[in-house]
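Have a look at the structure below, then the notes.
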Amino acid sequence: MLQLQVIRDQQQKVITGLNKRNFKDAESLINQVLSTDSQRRLTQNSLDLLNAKSNADSKKIGELMKSGKADEAKSLRESVSSDKEKTKAFETELAKLETELQQLLYRIPNIPAERVPAGKSPEDNITTKEWGKVPTLSADAQPHWELIKKYNIIDFELGVKIAGAGFPVYKGKGARLQRALINFFLDEALALGYTEIQPPIVVNEASGYGTGQLPDKEGQMYYATEDKLYLIPTAEVPITNLYRDVLLGDDDLPVKNVGYTPCFRREAGSWGAHVRGLNRLHQFDKVEIVRIVRPEESYDVLEEMCTHVQGLLEKLELPYRRLLLCGGDMGFNSAMTFDMEVYSAAQQRWLEVSSVSNFETYQANRLKLRHKSKEGKVQLLHTLNGRCVSITTYRRGNPRKQPVKRRNNYS
RNA sequence: GGAGAGAUGCCAGAGCGGUCGAAUGGGCCGGUCUCGAAAACCGGUGUGCGGGCAACUGUACCGAGGGUUCGAAUCCCUCUCUCUCCGCCA
């Protein structure tokens, strides 16, 4: 959620930024925000004034009662009583305006950073690095969905039997490989000073709002109605929400967390030929890194996180390219995102295996995640997160072959 | 699931319906003292929103949401959570 102050003070910059990500209605939405906000302030002002009067009068009533002037107190009491009805009206109005404002702000995505290129689709992304040599496969090479059958390491049919499509069963070496990768990613992060977190894999509604999955990704999360809990679509949700409504001190920074969790996504409406095999799943494993840092450090940290992920790919000897996503291809919450893609020779396309984002204050504002310095200055922090290379899910297809591009803002 | 107790500031903990944004202690920060430190003493120590260039000021906030009242941390209702005991436990 963008800061109201920023929208108020830098209206033009905000609109320009939103245009860069091809966001429709930026101007009218911003205008609505501003007019709702000014009404809100007006209302609050009236309410405060009225409250101040009632408070003073009430105090006076107490004094009058004490000094035995009961009839004076009585008439004053009646006047305050009638003021209270006006107070109610202002309170209702204020609450209504605040909700309205909140709803409007929820609809506005983050503003892309300066360096983010304008653009509408994946073609406008900029490749900032390439590493490794793309292998050439023999003519009879098979895609992974054939190989897993041949070696009996991942079984989709069994998964269908006990759960449904998109819930594979890993067997034998398949399960071991999975576990080895998780350990590898965790250990690599620990070596860099990350703290390992094992969070709950269900979260409440407040957490969903905190990191921005709610309200707009509502239908994409599994929901346990009885207990009102959402299955997490990414460890980002619980791990970042650890810091919801938190005021961190100098000693608490920087926050450097890593966590492995299974992730659950309904992926409603996204099935098709290009999501075959492990390309898109309802349940998959992921190791996520989450950073919470001072604003002035966040872009250095973003680079550091990318370097870390690249290091993982290099150790795994996977040829990759690094993309700076254009405005139109970025997730809703992000100010700047780098994607790492690995070339699948079998599928003959680039597959997104990692995505590292800086959200600046966008999430922190919603989370009320702030820092208080020794000098007493309070400011919103920057949050960042990234995936340590997908373990069994690939999210992006070849842009040229994939007409409908569906992005989410999870990773 | 049943019964009981509770939720107050960074922590502990007090708080007759009016003078309570909240005693007291600890912590932390600043100062005095000291060669330095400890001790002692003195002072300071919330967040959101509104107004103001600022000093400052208005308002809201004592788990959350409602209610009673001229006035609620204090009374009433609902919910959430925590603790204790009993039950259940793939």
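Note that the structure is a prediction, hence the values are computed from the model and not measured. Proteins get letters first, then strands, A, B, ... in listed order; numbering begins at 1 in each.
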Letter by letter from the 5' end, nucleotides 17-23 of chain B scores (B base, S sugar-phosphate only, - none; protein heavy atoms under 4.0 Å) -BB----

Taking the P atom of each, how far is B:C61 from B:G2, in whole Å? 33 Å

Report the distance from atom CD of A:Glu93 to atom P of B:U59, rounded to the nearest whole Å. 21 Å

Would you measure the distance from the C1' atom in B:U8 across to the matching atom in B:U57 and give it in whole Å? 27 Å

What is the distance, rounded to the nearest whole Å, between atom NZ of A:Lys88 and atom P of B:G71? 9 Å

Hey, does A:Lys84 reach any base, or is it just sugar-phosphate, or nothing, if we go heavy atoms under 4.0 Å? sugar-phosphate

With rounding to whole Å, what would you report as the distance between B:A39 and B:U80 at their C1' atoms? 47 Å

Set out, in order, the CA-CA distance, both residues' side-chain angles and the distance that settles side chain to side chain donor-acceptor pair (under 3.5 Å) for A:Tyr260 and A:Glu196, then state yes or no. CA-CA 8 Å; A:Tyr260 153 71; A:Glu196 183 172 348; over 6 Å; no

Considering only the C1' atoms, how many Å lie between B:A22 and B:A5, rounded to the nearest integer? 24 Å

Atom pair CG (A:Leu2) and OH (A:Tyr362), whose distance is rounded to the nearest 0.5 Å: 5.5 Å

Between B:C11 and B:U47, how many Å separate the two P atoms, rounded to a whole number? 14 Å

Between A:Arg41 and A:Leu247, who's closer to the 5' end of RNA chain B by nearest nucleotide? A:Leu247

Nearest to the A:Arg8 side chain among B:A60, B:G50, B:U47, which nucleotide is it? B:G50

Atom CD of A:Glu114: over 12 foreign heavy atoms under 6.0 Å: no

Between A:Leu47 (CG) and B:G48 (P), how many Å, whole number? 19 Å

Out of B:C70, B:U59, B:G48, which has the shortest distance to the side chain of A:Asn55? B:U59

Toss me the dot-bracket line for RNA chain B: Watson-Crick and G-U wobble, both under 3.5 Å, 5' to 3', using | for pairs to another strand and [ ] for crossers. ((((((((.[[[..)..(.....]]]((((((.......))))))((((((....)))))).[[[[[..)....]]]]])))))))....

A:His371 has an atom NE2; how far is it from atom C1' of B:U47, in whole Å? 16 Å

Of the candidate nucleotides B:C70, B:G67, B:G51, which contains the atom at the shortest distance from the side chain of A:Asn45? B:G51

Considering only atom P, compute the distance from B:U24 to B:U45 and round it to an integer number of Å. 13 Å

Could you give me the CA-CA distance, side-chain angles and deciding distance for A:Lys217 and A:Gln220, then say whether side chain to side chain donor-acceptor pair (under 3.5 Å) is met? CA-CA 5 Å; A:Lys217 296 291 168 204; A:Gln220 293 296 339; over 6 Å; no

A:Leu50 CG to B:G58 C1', in whole Å, measures 13 Å

Quick test of your reading of the model: are A:Asp124 and A:Lys120 salt-bridged, counting only N-O distances below 4.0 Å? no

Considering non-hydrogen atoms only, spot the tightest contact between A:Arg21 and A:Asn110 and give its length. NE-O, 2.9 Å

Which whole number of Å gives the distance between the P atom of B:G9 and that of B:G15? 16 Å

Which of the following nucleotides, B:C70, B:U47, B:U59, is nearest to the side chain of A:Ala52? B:U59

Tabulate below the donor-acceptor pairs under 3.5 Å that side-chain atoms of residues 85-96 of chain A make, not counting sequence neighbours, or state none.
unit_1	atom_1	unit_2	atom_2	d
A:Thr87	OG1	A:Asp83	O	3.1
A:Thr92	OG1	A:Lys88	O	2.7

Which one, B:A60, B:G50, B:C70, comes nearest to the side chain of A:Arg40? B:G50

Of all the nucleotides listed (B:G51, B:G46, B:C70), which has the minimum atom distance to the side chain of A:Lys372? B:G46

B:G58 versus B:G52 - spacing of their P atoms, nearest Å: 16 Å

